[in-house]
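Notes follow once the structure below has been shown.
If you read the sequence from its start, that first residue is 1, and numbering goes on from there. Note that ligands are numbered from 1 as they come in the structure, with each ligand's atoms numbered from 1 the same way.
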Amino acid sequence: MVHNLVFATNNMHKLREIQEILGSEFHILSLQDLGIETDIPETADTLEGNASQKARFIYTMTGKNCFADDTGLEIEALNGRPGVFSARYAGVGCNFNDNIEKILKELDGIENRRACFRCVFSLIIEGNEHQFVGRVDGKITTVRAGKDGFGYDPVFVPDGYSQSFAQMPPYLKNGISHRGRAAAKMGKWLNSAHAK
Ligand code: IMP
């Protein structure tokens with residue numbers, strides 16, 4: 001039996017990535033698939049809070065088993081910023097490049113470049129919520145490198161590698177990334193919960 005799960009996103013790249021990780025026993029539907037056009041509130045001050053808020057919103061609206069994610073880049077020398085503000089760090093209407101520009105400026109002359117990406121998935125099954133966290137540690141470079149990926153990928157080099165995320169083929173990044181790790185945990189839980 002195939003289990004339907006709604007992913008509170010319209011990002012087809014993320015949808016495909018998760019579908020691959022969860023496998024053919026699960027059918028992942030986007031908000032578009034359900035004809036949902038409402039803006040989902042995302043007003044919490046933590047990644048956990050935002051993931052939960054988005055998943056609960058969709059569960060209340062549809063009554064369907066669903067999940068939502070939220071990700072942030074946490075830079076040690078910036079006390080964890082941009083964190084929950086990663087998407088809009090350089091202000092309303094900013095793009096990925098503006099955000100990178102801002103963190104590089106803030107880190108200018110600072111030796112400690114340690115950072116991590118954290119991703120939280122909030123899954124709601126029959127009204128019960130479960131969270132899964134994935135994390136990848138690394139450092140922020142001083143210059144951009146690579147053309148793949150998105151967001152802060154050109155300036156993030158994961159520990160154990162010399163390439164930035166934007167220089168890696170997707171299979172390599174997905175295998176070690178925050179989102180890949182959180183999704184794998186969720187997949188493991190779902191597969192064992194449904195196997196019972
Ligand atoms: P979201 O919660 O997945 O939408 O992520 C929020 C923001 O974090 C994005 O707009 C990106 O700036 C950044 N981000 C999330 N995942 C990644 C990634 O895998 N690489 C680089 N930046 C990311």
Side-chain angles (χ1 to χ4, degrees), residues 7-21 28 30-32 39-58 66-75 78 80-104 106-107 113-123 131-141 143-159 161 163-184 186:
F7 186 5
T9 189
N10 275 320
N11 180 330
M12 289 304 131
H13 172 85
K14 281 190 190 174
L15 200 88
R16 264 198 306 277
E17 191 179 299
I18 301 301
Q19 180 68 72
E20 261 172 40
I21 291 171
I28 312 302
S30 68
L31 295 179
Q32 211 177 342
D39 265 345
I40 308 177
E42 204 176 338
T43 54
D45 55 9
T46 60
L47 301 174
E48 283 78 359
N50 272 338
S52 179
Q53 187 181 28
K54 289 191 274 186
R56 284 168 186 269
F57 184 86
I58 294 302
C66 62
F67 61 94
D69 70 333
D70 201 35
T71 294
L73 172 67
E74 300 177 344
I75 300 176
L78 302 181
R81 290 196 322 272
V84 77
F85 303 111
S86 293
R88 50 189 185 281
Y89 194 44
V92 179
C94 66
N95 61 27
F96 292 146
N97 201 42
D98 302 329
N99 287 333
I100 289 180
E101 204 62 44
K102 181 164 176 177
I103 63 162
L104 290 183
E106 288 186 330
L107 287 175
R113 316 286 295 193
R114 300 291 309 155
C116 74
F117 276 112
R118 269 195 340 116
C119 173
V120 180
F121 275 90
S122 226
L123 171 71
Q131 286 201 327
F132 306 88
V133 182
R135 169 187 177 133
V136 58
D137 288 274
K139 61 176 190 297
I140 304 296
T141 54
V143 289
R144 296 166 176 79
K147 293 197 177 340
D148 282 343
F150 70 104
Y152 299 90
D153 279 349
V155 291
F156 184 83
V157 173
D159 287 347
Y161 294 82
Q163 298 162 290
S164 77
F165 264 169
Q167 290 175 301
M168 293 182 173
Y171 78 88
L172 185 57
K173 178 190 165 186
N174 294 342
I176 57 172
S177 82
H178 45 300
R179 196 166 28 258
R181 286 175 172 162
M186 185 169 78

Between V120 and D69, is there a side-chain heavy-atom distance shorter than 4.5 Å?
no
Around Q163, counting heavy atoms of other residues, nucleotides and ligands shown, do more than 12 lie under 6.0 Å from its CD?
yes
As an exercise, identify every atom of ligand 1 less than 4.0 angstrom from a heavy atom of G151.
12 (O), 21 (C), 22 (N)
H178, any N or O under 3.5 Å of ligand 1 N or O:
yes
Beyond-backbone contact of D153 with K173, side-chain heavy atoms, under 4.5 angstrom:
yes
Considering distance alone, does some N or O of T71 sit under 3.5 Å from an N or O of ligand 1?
yes
Candidate list D45, T71, D70, test side chain to side chain donor-acceptor pair (under 3.5 Å), partner N50, passing option:
D70
What's the shortest distance from atom 16 (N) of ligand 1 to any protein heavy atom, and which residue and atom give it?
R179 NH1, 3.2 Å
State plainly whether the residues E101 and R144 are in salt-bridge range, i.e. N to O under 4.0 Å.
yes
re atom 19 (O) of ligand 1, the protein heavy-atom contact at minimum distance is K173 NZ, 2.7 Å
When you measure from the heavy atoms of D70 to every atom of ligand 1, does any distance fall below 4.0 Å?
yes
Tell me the nearest of Y152, F85, Y89 to atom 13 (C) of ligand 1, using heavy-atom distances.
Y152
Residues E106 and Y89: side-chain donor-acceptor under 3.5 angstrom
yes
of all protein heavy atoms, closest to atom 8 (O) of ligand 1 is S86 CB, 3.5 Å
Is the shortest heavy-atom distance from the side chain of N97 to the side chain of N99 under 4.5 Å?
no
Short N-O contact, E48 and R118, less than 4.0 angstrom
yes
If you scan protein heavy atoms around atom 23 (C) of ligand 1, the nearest is F117 CE2, 3.6 Å
Residue, atom and distance of the protein heavy atom nearest atom 4 (O) of ligand 1 read K14 NZ, 3.6 Å
Looking only at protein heavy atoms, identify the closest one to atom 20 (N) of ligand 1 and say how far it is in Å.
D153 OD1, 2.6 Å
Tell me the protein heavy atom at minimum distance from atom 14 (N) of ligand 1, and give that distance in Å.
F150 CE1, 4.0 Å
